[in-house]
Number of protein chains: 2
Amino acid sequence: MLPKKTKYAIKALTALAVVYFDKKPLRISQIAETEKIPRKFLEAILLELKNQGFVGSKMGATGGYYLAKHPEEIMLSHIIRSTGGPIALLPCVSLNYYEKCNECKDEITCGLRDVVLEVREASLKILSKTSLTDVILREKRLLRKNMK
Amino acid sequence: MLPKKTKYAIKALTALAVVYFDKKPLRISQIAETEKIPRKFLEAILLELKNQGFVGSKMGATGGYYLAKHPEEIMLSHIIRSTGGPIALLPCVSLNYYEKCNECKDEITCGLRDVVLEVREASLKILSKTSLTDVILREKRLLRKNMK
DNA sequence: CAAATATACTACTAATTTAGTAGGAATTAA
DNA sequence: TTAATTCCTACTAAATTAGTAGTATATTTG
């Protein structure tokens, strides 16, 4: 499961992506309200996202956050990794949270590892080609579909 | 990530699957040693797997555990679910650990949910058709491949 | 029957992770 | 100068994970 932090990060970045072309920053409290994310927690998350280059910020009155890259360039896999949400089912097949498997004498010939490797690849295939723009597009499609 | 419990469960069941046709039970301590699983922890896990119908047991001297079903019938998805390892990335798309998403006004039109739903389906497709027999087969194949 | 060897079962516990919160410093616009 | 905002450090409470301890119960074998 992804931590809430990761989910909040994706939600917040998507909110910023929606207004990307407005060229005006969005306040933390605005995002917190519309996305129903605890204010202070979101503050910490956005700060981290800033340090990782996803967003930029403007301080002081009329300040706020804005996307630092084009929403098409920000992939869900990037966000997940940067906010500590591992994609792999086991550490021994994780690209970013790799840990040697203590039990296995030989990882290369582990049958279980072979399976979870396949699962990771299937998941990553989707997450690494889905951008913030795609998330917004999906939302729009779903809305249309449910209007009818 | 899957909890260690789940990983240990799969490892232990695979060990039992290997000797399935011997018709003799395997002692906890034997499994614990060869799979490098903490003895007492494995004891608790096997007991749970027994209550869930995966394995049977024989008490007393010469006792131990054995698979209660044919290894081809036991799928990784079953084991993962029964030992508390969620497959989905978010609770709102989990079949067995579903929880309503507090943030979403409408889950049906959530773009993020749409993506993680796709990821869950891709993962499940693999895990629900991979049996203990398949895990052993993969292991054998990997061994041959690495011998050359 | 007694001893040895298993599993069965209940009840803890210690460490880690998660999901936050509190409070003030720094910055900027009006 | 004041109000509004982000920046930053330092906590904290609750939940989860990964076990362990100890004893009861069952079974084989001599």
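Letters A, B, ... mirror the listed sequences (proteins, then strands); counts begin at 1.
Nucleic acid contact class of Leu46(B) (heavy atoms, under 4.0 Å, all strands): none.
With values rounded to the nearest 0.5 angstrom, Ile87(A) atom CD1 is found 8.5 Å from Tyr97(A) atom OH.
OP1 or OP2 of dT6(D) sits under 4.0 Å from a side-chain N or O of Arg39(A). For the OP1/OP2 pair of dG19(D) and a distance below 4.0 Å, the side-chain nitrogens and oxygens of Tyr8(B) include at least one atom meeting the criterion.
Ionic pairing of Glu121(B) and Lys125(B) is not present here: no N-O contact between side-chain nitrogen and carboxylate oxygen is shorter than 4.0 angstrom.
In this structure, Leu42(A) places its CG atom 11 Å from P of dT21(C), rounding to the nearest Å. The separation between Lys36(B) atom NZ and dA18(D) atom P is 19 Å, rounded to whole Å. Rounded to an integer number of Å, the gap from Lys50(A) NZ to dT6(D) C1' is 8 Å. In this structure, Met1(A) places its CE atom 16 Å from C1' of dT17(C), rounding to the nearest Å. Between the CD atom of Glu99(B) and the P atom of dA15(D) there is a distance of 13 Å, rounded to whole Å. For Leu2(A) and dT18(C), the CG to C1' distance is 14 Å, given to the nearest whole Å. As rounded to whole Å, 13 Å separates atom C1' of dT5(C) from atom CD of Gln30(B). Between the C1' atom of dA3(D) and the CZ atom of Arg27(A) lies a distance of 13 Å, rounded to the nearest Å.
For a distance-only test at 3.5 Å, the side chain of Glu43(B) qualifies as a donor-acceptor partner of the base of dC9(C). Put simply, the side chain of Lys40(A) and the base of dG23(C) share a donor and an acceptor less than 3.5 Å apart.
In the model, Ser77(A) has no side-chain atom that pairs as donor or acceptor with a side-chain atom of Ser128(A) under 3.5 Å.
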message = Can you build the contact string for nucleotides 24-30 of chain D? Use B for base contact, S for sugar-phosphate-only contact, and - for no protein heavy atom under 4.0 Å.
response = -BBBS--
Report, one line per pair, each donor and acceptor closer than 3.5 Å where one atom sits in a side chain of residues 16-25 of chain A; sequence neighbours left out.
none

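For Lys7(A), the side-chain hydrogen bond (donor to acceptor under 3.5 Å, both in side chains) partners are Glu103(B), not counting sequence neighbours.
Side-chain atoms of Phe54(B) and Ile79(B), non-hydrogen and from C-beta on, do get closer than 4.5 Å to each other.
Between Ser29(B) and Lys4(A), the residue whose closest nucleotide on DNA chain C is further toward the 5' end is Ser29(B).
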inquiry  = Let's go through Ile126(A) and Leu76(A) carefully: what are the C-alpha distance in whole Å and the side-chain angles of both, what is the deciding distance for side-chain contact (heavy atoms from CB on, under 4.5 Å) to 0.1 Å, and is it a yes or a no?
reply    = CA-CA 9 Å; Ile126(A) 298 165; Leu76(A) 292 190; over 6 Å; no
